[in-house]
Amino acid sequence: MHLTGKEELINIIKQKIQQEGAISFKDFMEMALYYPNLGYYTSEKEKIGGLGDFYTSSELDPAFGNLLAKQFNEIYENYFKNQKFQIVEIGSGKGYLAYDVLSYIKNNYPNLYKILEFISVEKSPYHRDYQKKLLKDFDNISFHEDLTEINNINGIIYSNELFDALPVHLIRKINGKIFEVYITLEGDDIKEVLKEPQKDILQYLKDLNIDISEGMTTEINLYAKDLIQEIGNKLEKGFVFTIDYGYPSKELYKPYRMRGTLLCYYKHTYNENFYQNVGLQDITSHVNFSALVYYGKKSKLYFLGFTDQAHFLISLGLMDIFQELQEKGDYKSYERLNRLKTLILPKGMGEKFKILIQSKNIQNPDIAGLKNLPYESDRYKIEV
Ligand SMILES: C[S@@+](CC[C@H](N)C(=O)[O-])C[C@H]1O[C@@H](n2cnc3c(N)ncnc32)[C@H](O)[C@@H]1O
């Protein structure tokens, strides 16, 4: 296989293989996405939005962020009134979701806005610069590169499409045995080779009771396991909202996903060739929400609920916004109404995006976003 994309980055990857021998797929993916100044996320390139490679909900319409703000205010009123309250967004990208959340709080909940401290954690320097400009008019906001920089959070920690962007290990089952996919050089090209998996991978499969089918290739996200535990450790009291695409373990590893869920996004098209456009295309995988629940418990995160974007937004009042727009009846309102529909389309964003909600040190947690839940099939049932 031939690596194409950023020559400088490709040469660095090849040098690493020459020096160290075969590297794991996870190391390759990490370099392709996050190598300083050259990786997909760490370089100066438009990624999200019309001129980028993919859209996220926050780019479509402010309603998503506005309804999230409504949910956060309910939590503030019920569990934190007049006490320290922080909202942390991790992997905040260009800052559009934070903008919609903060604008809505500023305009509708002045008591919360006065007390609120907003903390943005974003690894990409390009995205951090972008959001610093976008969010410059809000008070009491700070920008960080890494979660290790913050401590003792009281309030909310949330993310949108963060976990799907973490580098993953690739595994394959051959003759009943699990192997890990590595990459080595073959002349000027590369080829995949199979090696013994890291011990942590086998432990993960055991912890979550995962038995994949013969011949299946799939992903194991050990970073997600560590990150959810770190989030739990950073949270003193409050809630964690994880918004992303994915499934519970039982659904994610079903035999009809024989090639796993790893996909690349490039200029609004997707492909399965991880070795092309290196440093220029996004590589993502579906999130294993059972893993976030299982490992979250190790840092005292209590599983509160698992729903999808459509049910979550409708529970929080999306239909009221529909009605208001319909009543206005002008061209702009209809245009927005159409856009908003895409947020809740079954088989589309409404069903694809899930929301996992965990809490810590909250007595009798109960939140509006979980009022209407989807039917509990394997796609929604988290075994705890
Ligand atoms: C797919 S983008 C989503 C951006 C944004 N949340 C949105 O919805 O548009 C993932 C973002 O997470 C960031 N990221 C990845 N790992 C991170 C980490 N460990 N800490 C903070 N940010 C991270 C990436 O740099 C990237 O900006």
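Atoms within a ligand are numbered from 1 in the order they appear, just like the ligands themselves. Note that the structure is a prediction, hence the values are computed from the model and not measured.
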**Report entry** Side-chain ion pair, Glu192 and Arg172, N-O less than 4.0 Å
**Finding:** yes
Query - Heteroatom proximity flag, Glu122 to ligand 1, N/O under 3.5 Å - result: yes
Query raised in the report: Does any N or O atom in Asn160 lie less than 3.5 angstrom from one in ligand 1, N or O only?
Result: yes
Requested in this report: Using a strict cut-off of 4.0 Å, indicate which atoms of ligand 1 neighbour a heavy atom of Ser124.
Outcome: 25 (O)
Query raised in the report: Atoms of ligand 1 less than 4.0 Å from Glu161 heavy atoms?
Result: 1 (C), 2 (S), 3 (C), 10 (C)
From the options [options], select the one whose nearest heavy atom is closest to [atom].
atom	options	result
atom 17 (C) of ligand 1	Asp244, Asp282, Thr42, Leu162	Leu162
atom 27 (O) of ligand 1	Lys94, Arg128, His144, His127	His127
atom 11 (C) of ligand 1	Gly95, Gly39, Gly91	Gly91

Report task. Check each heavy atom of Tyr34 against ligand 1 and say whether those closer than 4.0 Å belong to the side chain, the backbone, both or neither. Result -> side chain
Query raised in the report: Where's the contact between Lys123 and ligand 1, heavy-atom distance under 4.0 Å: side chain, backbone, both or neither?
Result: both
**Report entry** Donor-acceptor under 3.5 Å (Lys132 side chain, Phe143 main chain)
**Finding:** no
Query raised in the report: Taking the six-membered ring for Trp, are Tyr275 and Phe28 parallel (under 30°), tilted (30 to 60°) or perpendicular (over 60°)?
Result: tilted
Report task. For the pair Phe138 and Tyr99, name the ring-plane relationship: parallel under 30°, tilted 30 to 60°, perpendicular over 60°. Result -> perpendicular
Query - Pair Phe274 + Phe25: ring centers closer than 6.0 Å - result: yes
Query raised in the report: Are Gln15 and Asn11 linked by a side-chain donor-acceptor pair shorter than 3.5 Å?
Result: no
Query raised in the report: Between Gln326 and Gln323, does any side-chain donor sit less than 3.5 Å from a side-chain acceptor?
Result: no
Query raised in the report: Does Leu97 have a non-hydrogen atom less than 4.0 Å from ligand 1?
Result: no
